[in-house]
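Presented below is the structure to which this report refers.
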Amino acid sequence: MATIYAIKGLLLEEVLLQLLRASGYYAVESVNDDDSLNAGASGMEVRGRGSKHQIDAIADFSISPPFSYPIRLLLEAKFHKKNVGIEIVRNAVGVLKDVSEFWIVSGSSFKPKYHYQYAIFTSSSFTKPAQEYAFAQDIYLIKLENNRYFHPVINALEEMSYIDFRGVSENNIDIELTQLRRATRLSLKNHELGRMREYCTNYNFDPVKLCKVIEASLEIGDSYLGVLGKSFPVFFTPSDYFNVDDLISNPTIRICWNQEKWYVVKRQARCATLDERDIILSFDLPDELFKLYSENNMLTQSRALDLKQDFMSSIQIMFRDPNRRFMSSLELRLDDNWLEEMRQSLS
């Protein structure tokens, strides 16, 4: 049995895994000869020093940095109306610690096989204790609540009901999650709906809502992981006017906060009268970033400028070059002249 929220979280994980291919992450699809993994009864398990942990959304980074073991991302997605609490982060911390201490026998020595990272995505937000604990324990929190161009996926998931799966209630759905994950992954990977429709036919599920999730993801195409101020990972979703070649030739950008959403915009854009054609990327930030810059829970204009200067003067994005077929790193720089003009206008 499963809940509708577990199903939505599973689908969200698969969508994110597919979108992150553009940032050089590739989903681990089977155990094969990887002795750090185990084929469990309910899906893939990652071996830890003390136990095995079921984690189905696993991605390896295509580049191994010098002086580091290969990077492996453990991804968890939560689709809830309420904010993700500290108990979810506590579990992630325990899993990360345990799997990081699983060593492989190599000759007469014991060595780690991967440098593990753990990211929790949510369609809502995180509680303050969850954020404080995650930042202290190197668990990465990424919220999608106000990421505008990712909203079609969120909306498609929101529309799904237990009725689509012939469930008795939201908390009582008779479904094999492993099969659903496999059908979703294949449909996303192959950019087609045939596998999902076949899956729904076999289990007598309504294919409309599931196919809508796939279509919304394929419509986005790619998304990118970036880093603000060399510290905070951010999930960027491109607009229809995004062109990576334009950014490579002119990496100077502006940041706009408009209608409770963050945007990366072209250098000539004006935040007060933002034109849709000037928007490049949308993103969202964990609320904890704002605590030092807020007054009575409201972000003022001058504080917003401080935030941009301190955390957003540099945005690094990793992406797979679609033309040259290799990984590239792009550093976007905030327009200093524009920042100074904004400060003067507020003085």
Side-chain angles (χ1 to χ4, degrees), residues 1-17 19 42 53-57 74-96 118-165 167-175 177 180-181 184 209-210 212-213 216-217 223 232-235 237 257 259-262 282-291 294 296-299:
M1 296 295 176
T3 69
I4 188 63
Y5 300 106
I7 292 173
K8 291 181 179 183
L10 178 154
L11 294 169
L12 182 56
E13 287 175 354
E14 290 302 316
V15 167
L16 291 167
L17 280 176
L19 293 177
S42 301
H53 307 273
Q54 183 183 342
I55 302 177
D56 292 290
L74 308 181
L75 189 153
E76 184 176 0
K78 297 297 181 183
F79 196 98
H80 292 299
K81 294 180 180 178
K82 64 179 182 180
N83 292 342
V84 174
I86 193 172
E87 66 280 357
I88 301 298
V89 182
R90 281 201 188 105
N91 179 72
V93 171
V95 170
L96 183 62
Y118 205 116
I120 303 174
F121 289 73
T122 180
S123 60
S124 55
S125 188
F126 301 91
T127 64
K128 185 173 184 291
Q131 293 179 61
E132 292 173 341
Y133 190 56
F135 287 132
Q137 300 294 333
D138 290 329
I139 302 295
Y140 300 106
L141 305 182
I142 299 179
K143 63 196 291 278
L144 305 166
E145 186 178 30
N146 293 317
N147 188 323
R148 176 181 170 185
Y149 297 119
F150 193 80
H151 266 194
V153 173
I154 299 296
N155 293 338
L157 289 168
E158 190 72 58
E159 291 177 9
M160 296 180 64
S161 165
Y162 67 92
I163 297 174
D164 299 312
F165 301 93
V168 177
S169 68
E170 287 189 341
N171 299 314
N172 189 355
I173 302 173
D174 187 9
I175 186 173
L177 294 179
L180 174 59
R181 187 180 293 275
T184 304
K209 302 290 181 61
L210 277 167
K212 192 170 182 179
V213 174
S217 175
S223 288
F232 299 96
V234 178
F235 181 74
T237 306
W257 168 256
Q259 297 181 347
E260 299 185 349
K261 293 177 176 60
W262 286 105
S282 66
F283 63 100
D284 199 358
L285 292 175
D287 301 333
E288 186 67 14
L289 275 180
F290 289 85
K291 74 175 185 179
S294 61
N296 300 318
N297 296 321
M298 296 295 292
L299 192 66

Quick one: are [X] and [Y] in side-chain contact, heavy atoms under 4.5 Å?
| X | Y | answer |
| --- | --- | --- |
| Ile142 | Thr122 | no |
| Leu157 | Leu12 | yes |
| Asn146 | Trp262 | no |
| Ile7 | Phe79 | no |

- Task: Report yes or no: do Glu145 and Asn147 form a side-chain donor-acceptor pair below 3.5 Å?
- Result: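 Side chains of Glu145 and Asn147: no pair found under 3.5 Å.
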Check [X] against [Y] and note the closest heavy-atom contact, atom names and distance.
| X | Y | value |
| --- | --- | --- |
| Ile154 | Ser123 | CD1-CB, 3.7 Å |
| Arg148 | Ser282 | N-OG, 3.5 Å |
| Ala92 | Ile120 | CB-CD1, 4.0 Å |
| Ala156 | Ala216 | CB-CB, 4.5 Å |
| Ser217 | Val15 | OG-CG1, 3.5 Å |
| Leu16 | Ala77 | CD1-CB, 4.3 Å |

Distance-only, no hydrogens or angles: does the [X] side chain make a donor-acceptor pair with backbone N or O of [Y] under 3.5 Å?
| X | Y | value |
| --- | --- | --- |
| Glu170 | Tyr162 | no |
| Thr3 | Ala6 | yes |
| His80 | Gly9 | no |
| Asn172 | Ser169 | no |
| Lys8 | Met160 | yes |

- Task: Let me know which of Asn83, Ile88, Leu141 forms a side-chain contact (heavy atoms from CB on, under 4.5 Å) with Phe126.
- Result: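 That would be Leu141; it is the only one of Asn83, Ile88, Leu141 passing the side-chain contact (heavy atoms from CB on, under 4.5 Å) with Phe126.
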- Query: What's the verdict on side chain to side chain contact (heavy atoms under 4.5 Å, CB included) for Asp138 and Tyr118, showing C-alpha distance, side-chain angles and the deciding distance?
  - Reply: CA-CA 8 Å; Asp138 290 329; Tyr118 205 116; over 6 Å; no
In Å, rounded to the nearest 0.5 Å, how long is the span from [atom1] of [X] to [atom2] of [Y]?
| X | Y | atom1 | atom2 | value |
| --- | --- | --- | --- | --- |
| Thr184 | Leu17 | OG1 | CG | 11.0 Å |
| Ser161 | Ile4 | OG | CD1 | 6.0 Å |
| Leu96 | Ile139 | CG | CD1 | 4.5 Å |
| Asp174 | Met1 | CG | CE | 4.5 Å |
| Asp284 | Lys143 | CG | NZ | 3.5 Å |
| Leu210 | Leu180 | CG | CG | 6.0 Å |

- Excluding sequence neighbours, so at least two apart, what forms ring pair (Phe, Tyr, Trp, His ring centres under 6.0 Å) with Tyr140?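 Result, ring pair (Phe, Tyr, Trp, His ring centres under 6.0 Å) vs Tyr140: none returned.
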- Task: Flag the pair Phe235 / Phe121 as yes when their ring centroid distance falls below 6.0 Å, and as no otherwise.
- Result: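 Yes: the rings meet the under 6.0 Å criterion.
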- Using a cut-off of 6.0 Å, state whether more than 12 heavy atoms not belonging to Lys261 lie near its atom NZ.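 Enclosed: over 12 neighbouring heavy atoms sit under 6.0 Å from NZ of Lys261.
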